[in-house]
Amino acid sequence: MSKPEVSNPGATLYVVATPIGNLDDISLRAIQVLRQVDRIAAEDTRHSRRLLQHHGIDTPMLALHEHNERQVMHKILEMLREGKSLALISDAGTPLISDPGFPLIRACREQGIRVSPVPGPSALIAALSISGLPLDAFCFHGFLPRTSAARKQKLAELKTAASTLVFYESPHRILYALQDMLEVLGGEREVCVARELTKQYEEVTQGKLQEVVASVTADAMRQRGEFVIVVAACNVQGEDGLSMESRRILRLLLRELPVKQAAALTARITGEKKNQLYRYALGKEQVVQKPTEI
Ligand code: SAM
């Protein structure tokens, strides 16, 4: 168990979210905290200077990036132990979301140093909010692997996931990633590609994977900038009204359980209608018993 937080109100590490493009997308409290802390730990101090200048913040900075994270962390911890307050920011959005900071926060927690969030933008939440895809359950996977083979393997693992999927992607790999998605997930899967959110060339391309890949391939401009890819869950409805996921669960359960029980359990897991599942199971029962079908 981590130590309880110390009471010295000065000794706080604030984790401050900053804009993902538009410099005005920052909270009043974030500006206040960035002005008041003793030091700001920034991923790239030159990059963050523009933001700080824009808001009239002249707090000194120190660089904390993935290459010096372990060494600088000790300096930051020392300052915090002396009772100083610091803010952690990244180049864009919420620190630690595909950004440095994890060892530092972990160490603060272990040492009982107060860590406090100043919430704000994150590209994944911004993209999800405008995607038009179901958000009752979603799963963020950061950046997909760089090589096509590893990427396809990861996508194959996620193919039957029952929640909306979110990925970050760079301009170098956006087209390859979408092409691999098309190959592994199929052209009918719904996708939303959010490019350059909150910036001058903000653009959202949405539709079936086959349409989106065609559109991104055809226009080189659509391959520039920063991207979030939001992919619909595997819930294609068949003619029987059942989702692929519930049919998959039902088929698995039918290997071990009688039809009635398998249908009832699938209904409880997926929220789909027991009668429909039962009818589907009756039709499937003979087939799923064959080892080759499994
Ligand atoms: N911590 C950040 C956050 O909370 O969103 C993410 C940092 S991660 C290193 C950078 C990636 O986020 C980019 O490669 C891109 O995939 C995504 N991203 C950042 N800003 C974006 C924007 N304005 N529009 C679309 N995607 C963006």
Side-chain angles (χ1 to χ4, degrees), residues 13-27 29-30 33-34 40-48 50-51 54 63-69 87-106 115-133 135 138-146 151 154-155 158 164-181 191-206 212 215-216 219 221-231:
L13 176 66
Y14 293 96
V15 179
V16 182
T18 58
I20 58 167
N22 188 318
L23 292 183
D24 288 330
D25 286 338
I26 186 163
S27 75
R29 191 162 82 91
V33 166
L34 291 173
I40 298 170
E43 195 182 354
D44 177 345
T45 52
R46 276 200 317 194
H47 175 91
S48 294
R50 216 177 124 236
L51 172 74
H54 183 79
L64 177 128
H65 42 75
E66 56 176 332
H67 306 294
N68 72 356
E69 200 166 6
L88 173 69
I89 61 173
S90 65
D91 285 353
T94 301
L96 283 97
I97 306 296
S98 298
D99 270 338
F102 177 71
L104 175 62
I105 305 302
R106 193 86 195 153
V115 183
S116 182
V118 183
S122 189
L124 82 105
I125 299 296
L128 281 168
S129 72
I130 50 100
S131 69
L133 291 169
L135 301 184
F138 59 84
C139 196
F140 173 56
H141 293 275
F143 290 93
L144 279 164
R146 285 160 187 250
R151 203 160 46 225
K154 179 81 185 165
L155 289 167
L158 300 173
T164 296
L165 305 170
V166 199
F167 304 94
Y168 282 161
E169 201 45 271
S170 73
H172 320 291
R173 281 187 290 274
I174 183 69
L175 194 53
Y176 303 121
L178 288 171
Q179 282 166 346
D180 285 348
M181 284 180 182
V191 66
C192 171
V193 177
R195 179 169 87 89
E196 294 286 88
L197 290 174
T198 76
K199 301 187 201 175
Q200 190 181 358
Y201 297 107
E202 175 181 293
E203 185 180 46
V204 179
T205 312
Q206 174 148 26
V212 171
S215 145
V216 175
D219 186 347
M221 274 303 288
R222 295 222 157 105
Q223 299 160 30
R224 296 207 188 137
E226 299 193 280
F227 298 88
V228 182
I229 308 174
V230 186
V231 180

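For reference, positions follow the sequence shown, starting with 1. Source: prediction; values computed, not measured. Order of appearance sets the numbers: ligands from 1, and atoms from 1 within every ligand.
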One pair to check against side-chain hydrogen bond (donor to acceptor under 3.5 Å, both in side chains): S215 and R222. What are the steps and the verdict? CA-CA 8 Å; S215 145; R222 295 222 157 105; 3.0 Å; yes

To the nearest 0.5 Å, what is the distance between CG (L144) and CZ (R173)? 9.5 Å

Let me confirm one number: the CD-CD distance from E43 to E69, rounded to the nearest 0.5 Å. 9.0 Å

Checking E196 side chain against E226 main chain: does a donor-acceptor pair fall under 3.5 Å? yes

For ligand 1, find each of its N or O atoms that sits under 3.5 Å from a protein N or O atom, and tabulate the pairs with distances to one decimal place.
residue: ligand 1; atom: 1 (N); partner: A92; partner atom: O; Å: 3.1
residue: ligand 1; atom: 1 (N); partner: T94; partner atom: O; Å: 2.9
residue: ligand 1; atom: 1 (N); partner: I97; partner atom: O; Å: 2.9
residue: ligand 1; atom: 1 (N); partner: D99; partner atom: OD2; Å: 2.7
residue: ligand 1; atom: 4 (O); partner: T94; partner atom: N; Å: 2.9
residue: ligand 1; atom: 4 (O); partner: S122; partner atom: OG; Å: 2.7
residue: ligand 1; atom: 5 (O); partner: S122; partner atom: OG; Å: 3.4
residue: ligand 1; atom: 5 (O); partner: A123; partner atom: N; Å: 2.7
residue: ligand 1; atom: 5 (O); partner: Y168; partner atom: OH; Å: 2.8
residue: ligand 1; atom: 16 (O); partner: E169; partner atom: N; Å: 3.2
residue: ligand 1; atom: 16 (O); partner: E169; partner atom: O; Å: 3.3
residue: ligand 1; atom: 16 (O); partner: F227; partner atom: O; Å: 2.6
residue: ligand 1; atom: 20 (N); partner: E226; partner atom: OE1; Å: 3.4
residue: ligand 1; atom: 23 (N); partner: I20; partner atom: O; Å: 2.9
residue: ligand 1; atom: 23 (N); partner: L197; partner atom: N; Å: 3.4
residue: ligand 1; atom: 23 (N); partner: L197; partner atom: O; Å: 2.9
residue: ligand 1; atom: 24 (N); partner: L197; partner atom: N; Å: 2.9

Using modelled atom types and a 3.5 Å cut-off, is there a donor and acceptor pairing between side-chain atoms of S48 and backbone atoms of D91? no

For Y176, is the OH atom crowded, meaning more than 12 foreign heavy atoms sit under 6.0 Å from it? no

